[in-house]
Amino acid sequence: MEQKRVVHPSPEMKKDDLIVITGAGGFIGGALARYFSDRGFTRIRAVDKKPLYDWYQRVPGVESLCLDVSNEENCVKACEGAVEVYNLAADMGGMGFIERFRIECLRSVLINTHMLEAAYDAGAERYFFSSSACAYNTDLQKDPKVRALKESDAYPAMAERGYGWEKLVSEMFCQEYWAERGMKTFIARFHNVYGPNGTWDGGREKAPAAISRKVVEAKDSGKLEITIWGDGAQTRSFMYIDDCTKGIDMITHCDDLIATPINLGSSELIAIGDLVTMVEEIAGVKLQRHYDLSAPKGVAGRNSDNTMIQKILHWQPSTTLREGMRKTYVWIEQQFADRKAGKRSVSENVTAFRAS
Ligand code: NAD
């Protein structure tokens, strides 16, 4: 198996080196394709299993392929000639999705397993894997007044059932491809990413988008009420998409971080109830609140400890939540208006929950 590998000679990225991004029809993968394209990279291959017309973003000049990368042969096609591979494909969503569809989440292990091998065989120099804060030990997240999670808190392992365990096992795969085979792998544990061009409806959306949509709907209908999942006391941090793409680039090009999981998240903690207040202020409306205590709400509290990223990269995500939420709210309001007017909107064709 190892003899097949042809390692590309140059350690530096050239503008015409082939960059492969999976999950590029989705939120973060699509933003990453745009990020590299904006920086002058001329050969980007974007891959997603969704039909092309369902992609959240199509970046001009980027090769876009509809391939299911849980299939080994498709991974070989996707990785052919790749110098860098960014694996952002996963069957995922907000708490409503990952608490309900654990099997779907676990199956994403096939994606990373085949993508790693195909990237290795193709001689890729660098491989990025998008892990998640859900890989952290849930026992440490029972109090809304959390202490922020640092990288070593993933072990002893007690990850989020389904989704979190898949991430943890896939991280380990990445680490062993470096330890046993010398492929440079990079692993970021994202803490809730939000922003324009993300899922905002259909069942997979996360709290910032869901709350923005509910506020838009309330304003539109004149029924000034909102239902919040849980009691609103649960806390989270949220990272704006532009910080996420920049962080992925910095992490993947830092050799001190080879095979080393690192937090990529904001450390600005907020309770969900306060996030609702923030969106109300942005929207200029005040809503009557109802609490759905039976709805999925995830761990009580979670924040990102950014000591390691600051020490190694001298950087951390810095877009304030208010600034990012303002842009996100404006975008969702426009999406809502477009859909209402019969125009195409980003989440229009997204498959929501798959009935089992
Ligand atoms: P997303 O759902 O918008 O995008 C994921 C994309 O992967 C989708 O377009 C989907 O069609 C595609 N995909 C799923 N299975 C596939 C397959 N077998 N073959 C090809 N494509 C496939 O999600 P996102 O928010 O952009 O997340 C990207 C990555 O970041 C995922 O690995 C996710 O687990 C991770 N992550 C995201 C967040 C977040 O807050 N968004 C937080 C932690 C980790």
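In this text, all values refer to a predicted model and were calculated from it rather than measured experimentally. What you see below is based on every heavy atom in this structure, not just the backbone, and it leaves out hydrogens, waters and symmetry mates. Order of appearance sets the numbers: ligands from 1, and atoms from 1 within every ligand.
Among all protein heavy atoms, the one lying closest to atom 31 (C) of ligand 1 is L88 O, 3.5 Å. Looking at atom 4 (O) of ligand 1, its nearest protein heavy atom turns out to be G26 CA, 3.5 Å. Protein heavy atom in closest approach to atom 34 (O) of ligand 1: Y163 OH, 2.6 Å. Considering only non-hydrogen protein atoms, atom 9 (O) of ligand 1 sits nearest to D48 OD2, 2.7 Å. In terms of protein heavy atoms, atom 43 (C) of ligand 1 is closest to F190 CB, 3.4 Å. Scanning the protein heavy atoms around atom 37 (C) of ligand 1, the nearest turns out to be M92 CE, 3.5 Å. Of all protein heavy atoms, the one lying nearest to atom 3 (O) of ligand 1 is F27 N, 2.9 Å. In terms of protein heavy-atom proximity, atom 41 (N) of ligand 1 is nearest to I28 CD1, 3.7 Å.
At least one N/O-N/O distance between K49 and ligand 1 falls below 3.5 Å. Taking any N or O of V69, backbone or side chain, at least one lies under 3.5 Å from an N or O belonging to ligand 1. Polar contact check, Y56 against ligand 1: no nitrogen or oxygen pair lies under 3.5 Å apart. Where the criterion is an N or O separation shorter than 3.5 Å, residue side chain and backbone included, K50 meets it with respect to ligand 1. Backbone and side-chain nitrogen or oxygen atoms of V193 are examined, and one is located within less than 3.5 angstrom of a nitrogen or oxygen of ligand 1.
A salt bridge links D91 with R204: at least one charged nitrogen is closer than 4.0 Å to a carboxylate oxygen. The pair D201-R213 counts as a salt bridge, with a side-chain nitrogen and a carboxylate oxygen less than 4.0 angstrom apart.
Counting non-hydrogen atoms of neighbouring residues, nucleotides and ligands closer than 6.0 angstrom, the CE atom of M158 reaches no more than 12 such neighbours. By the neighbour-count criterion of 12 heavy atoms within 6.0 Å, atom CD of E73 is sparsely surrounded, having that number or fewer from other residues, nucleotides or ligands.
With sequence neighbours excluded, no residue forms a ring pair (Phe, Tyr, Trp, His ring centres under 6.0 Å) with F336.
Remark: the backbone N or O of F173 is not paired with any side-chain donor or acceptor of N112 at under 3.5 angstrom. Between the side chain of S345 and the backbone N or O of R339, no donor-acceptor pair lies under 3.5 Å.
L116 and W165 sit in two unconnected hydrophobic clusters of ILVMFWY residues. Membership requires side-chain heavy atoms under 4.5 Å apart, directly or through other members. Hydrophobic clustering places V279 together with V285 (ILVMFWY residues linked when any side-chain heavy atoms are closer than 4.5 Å, directly or through intermediates).
Ligand 1 lies out of reach of N71, whose nearest heavy atom is not under 4.0 Å from it. Heavy-atom separations between M239 and ligand 1 are all 4.0 Å or longer.
In the vicinity of N192, heavy-atom distances shorter than 4.0 Å reach the ligand 1 atoms 40 (O). Under a 4.0 Å criterion applied to the non-hydrogen atoms of L67, ligand 1 contributes the atoms 19 (N), 20 (C). In the vicinity of S70, heavy-atom distances shorter than 4.0 Å reach the ligand 1 atoms 18 (N). Within ligand 1, the atoms closer than 4.0 Å to a non-hydrogen atom of I111 are 15 (N), 16 (C), 17 (C), 18 (N), numbered from 1 in the order shown. Each of the atoms 17 (C), 18 (N), 19 (N) of ligand 1 lies under 4.0 Å from some heavy atom of D68. When each atom of ligand 1 is checked for a heavy atom of K167 under 4.0 Å away, the hits are 31 (C), 32 (O), 33 (C), 34 (O). Every atom of ligand 1 with a heavy atom of G23 under 4.0 Å away is listed here by number and element: 6 (C), 7 (O).
In the model, T227 has no side-chain atom that pairs as donor or acceptor with a side-chain atom of D292 under 3.5 Å. Using modelled atom types, one finds no donor on one side chain facing an acceptor on the other under 3.5 Å when comparing Y86 with D249. Side-chain atoms of H191 and N263 include a donor-acceptor pair closer than 3.5 Å. Between the side chains of D243 and T319, at least one donor N or O lies within less than 3.5 Å of an accepting N or O.
Pairs engaging residues 302-323 under the salt bridge (charged side-chain N to carboxylate O under 4.0 Å, His left out) rule: E160-R302, E281-R322 [sequence neighbours left out].
By the criterion of a heavy-atom distance under 4.0 Å, the side chain of K206, and not its backbone, is placed next to ligand 1.
Taking only non-hydrogen atoms, the option from S131, S130, A209, A78 nearest to atom 44 (C) of ligand 1 is S131.
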